[in-house]
Amino acid sequence: MLSIVYRRIEKMRRIASGDLYQTYDLGDLRITSLRDGYVDMPIGRLRQRGKPFGDELPQQVALVAGQLRLSVNAFAIDDGNGIILIDTGASNAWHPTMGRLPEALDEAGIDAGRVRTVCFTHTHLDHIHGLVLADGRDAFPRLARLLVPGEELAFFRAEARLERFHGMAEPFEAGDRIGTHVDIVDAHGHEAGHSCFCVSSGGERVLIWGDTVHVPSLQFDRPEVTWEFDADQDQARESRLRLLALAADEHCFVAGAHLDSPGIGRVVRSGASFQFEPL
């Protein structure tokens, strides 16, 4: 008997790439992953039920000089008229291994002047400080809208380096829509207002989910493992499980700030756990 296996045709495809970027078609949109750099973190940042994970990591978790290496990614959504940028990297506000977003934009052929809207998944410093270049100039000279989770507006306005943007910042909440293609989904837990951006076009969706997963080699297989900097460990775990299930069951692509660059792919179920399939 002839056995025929039908595979789902992927409608999100890579159309350009470089050292610091990857660009994909999603319906009428172009989604570009932009690498701001990386940060190395000790294993002790991982948590199991509130306690440090310990040193016995599964074999698949690779270390660099004994530390976990986390990619730092931002994502540009281009509808042909302008660009919505999700997160901005760290600029020179944290480790020197970050701050390459302007290079990534140049390499991708994206004029920073086309970025009209910036949205933050949350207000940790590796997501917001790229508003200001290392030399102090505005990174996005034609920025018209700056959207911050409502629960974290005060956090943002406490950042002295970003003072000139404090008055421009406007709050959003889960359920809001940005333009015609982007819906905001609750992903609270890692931070008080941590949010996911569901981008839809051409019958496909990608969840730009910020820090839902920090260590992809571990947390897809063991999503119960949390992170020291999760403000609410239990809520972060619940949000991760919910978004993993959503991505797997509804066949959404995902894009993560700390998934290995370029950080875009599919989530599939694997028994009681999940697997990540890079695109």
Side-chain angles (χ1 to χ4, degrees), residues 36-73 87 90 94-95 97-98 121-127 149 151-152 185-197 206-250 252-279:
D36 191 60
Y38 67 89
V39 60
D40 290 337
M41 289 285 185
I43 298 168
R45 299 284 190 222
L46 292 165
R47 292 287 185 271
Q48 284 183 300
R49 301 298 175 186
K51 298 179 180 179
F53 188 88
D55 296 327
E56 295 184 5
L57 287 175
Q59 189 173 6
Q60 78 268 16
V61 182
L63 299 177
V64 180
Q67 299 206 87
L68 300 161
R69 177 157 291 181
L70 280 60
S71 187
V72 179
N73 311 311
D87 293 332
W94 202 15
H95 292 267
T97 52
M98 291 179 279
T121 55
H122 62 299
T123 56
H124 287 175
L125 57 80
D126 54 327
H127 296 258
E151 298 89 342
E152 300 184 42
V185 178
D186 175 358
H188 297 178
H190 175 60
E191 191 47 273
H194 185 255
S195 297
C196 170
F197 297 85
V206 57
L207 303 175
I208 302 177
W209 67 12
D211 287 16
T212 295
V213 169
H214 285 86
V215 183
S217 58
L218 178 65
Q219 287 179 295
F220 285 98
D221 182 49
R222 298 182 59 179
E224 77 280 3
V225 175
T226 56
W227 190 244
E228 180 181 5
F229 297 132
D230 290 338
D232 185 320
Q233 303 272 318
D234 291 337
Q235 192 177 36
R237 182 185 302 109
E238 186 278 329
S239 288
R240 179 166 45 260
L241 287 164
R242 175 169 44 83
L243 290 173
L244 286 168
L246 173 66
D249 296 343
E250 299 196 13
C252 303
F253 294 97
V254 299
H258 298 306
L259 301 183
D260 297 335
S261 180
I264 294 181
R266 289 277 195 193
V267 178
V268 296
R269 287 189 178 272
S270 176
S273 298
F274 300 88
Q275 290 182 346
F276 178 66
E277 297 181 347
L279 181 60

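Since we're looking at a predicted model, the values are computed, not measured. We count residues from 1, following the sequence as given.
Listed here is the closest heavy atom pair of His188 and Ser239: O-OG, 2.6 Å. For the pair Arg269 and Ala248, the tightest heavy-atom approach, listed with the atom from each and the gap, is CG-CB, 4.0 Å.
The distance from the CD atom of Gln233 to the CZ atom of Arg47 is 7.0 Å, given to the nearest 0.5 Å. In this structure, CG on Asp232 lies 10.0 Å from CD on Glu238, to the nearest 0.5 angstrom. Of the inter-residue distances, the one linking Asn73 atom CG with Ile264 atom CD1 reads 8.5 Å to the nearest 0.5 angstrom. The line from CD of Glu224 to CG of Asp234 is 12.5 Å long, rounded to the nearest 0.5 Å. Annotation: the span from Ile43 atom CD1 to Leu57 atom CG amounts to 4.5 Å, rounded to 0.5 Å. Taken to the nearest 0.5 Å, the CZ atom of Phe274 stands 13.0 Å off from the CD atom of Gln219.
A donor-acceptor pair under 3.5 Å is absent between the side-chain atoms of Glu250 and the main chain of Leu246, judged by distance alone. The backbone N or O of Gly37 lies less than 3.5 Å from no partner atom in the side chain of Thr97, so there is not a single donor-acceptor pair. A distance-only check finds a donor-acceptor pair linking the side chain of Glu152 to the backbone of Thr123 [under 3.5 Å]. At distances below 3.5 Å, not a single donor-acceptor pair connects side-chain atoms of Asp211 with backbone N or O atoms of Ala257. Listed for the His258 side chain is no donor-acceptor partner under 3.5 Å among the backbone atoms of Val72. Of the possible donor and acceptor atoms, one in the side chain of Asp87 sits under 3.5 Å from a partner among the backbone N and O of Thr121. Side-chain atoms of Arg240 come within 3.5 Å of backbone atoms of Thr212 as a donor-acceptor pair (strictly under, hydrogens ignored). Checking side-chain atoms of His194 against main-chain N and O of Ala187 turns up a donor-acceptor pair under 3.5 Å.
Using a 4.5 Å heavy-atom threshold, the side chains of Val185 and Arg242 count as touching. Side-chain contact between Gln67 and Pro42 is present, with heavy atoms from C-beta onward closer than 4.5 Å. The shortest distance between side-chain heavy atoms of Leu68 and Leu63 falls below 4.5 Å. Counting only heavy atoms from C-beta outward, the side chains of Met41 and Glu228 never approach each other to under 4.5 Å. The side-chain heavy atoms of His214 and His190, taken from C-beta on, include a pair separated by under 4.5 Å. Inter-residue side-chain proximity for Tyr38 and Leu70 is flagged as unmet; no heavy-atom pair is nearer than 4.5 Å. Between Gln275 and Phe220, every side-chain heavy-atom pair lies at or beyond the 4.5 Å cut-off. Looking only at side-chain heavy atoms (C-beta outward), Asp36 and Asp126 stay at 4.5 Å or farther from each other.
For the pair Arg69 and Asp260, the salt-bridge criterion is not met [side-chain N within less than 4.0 Å of a carboxylate O].
For Arg266 and Phe276, the positive end is not near the middle of the six-membered ring at less than 6.0 Å and at most 45° from its axis.
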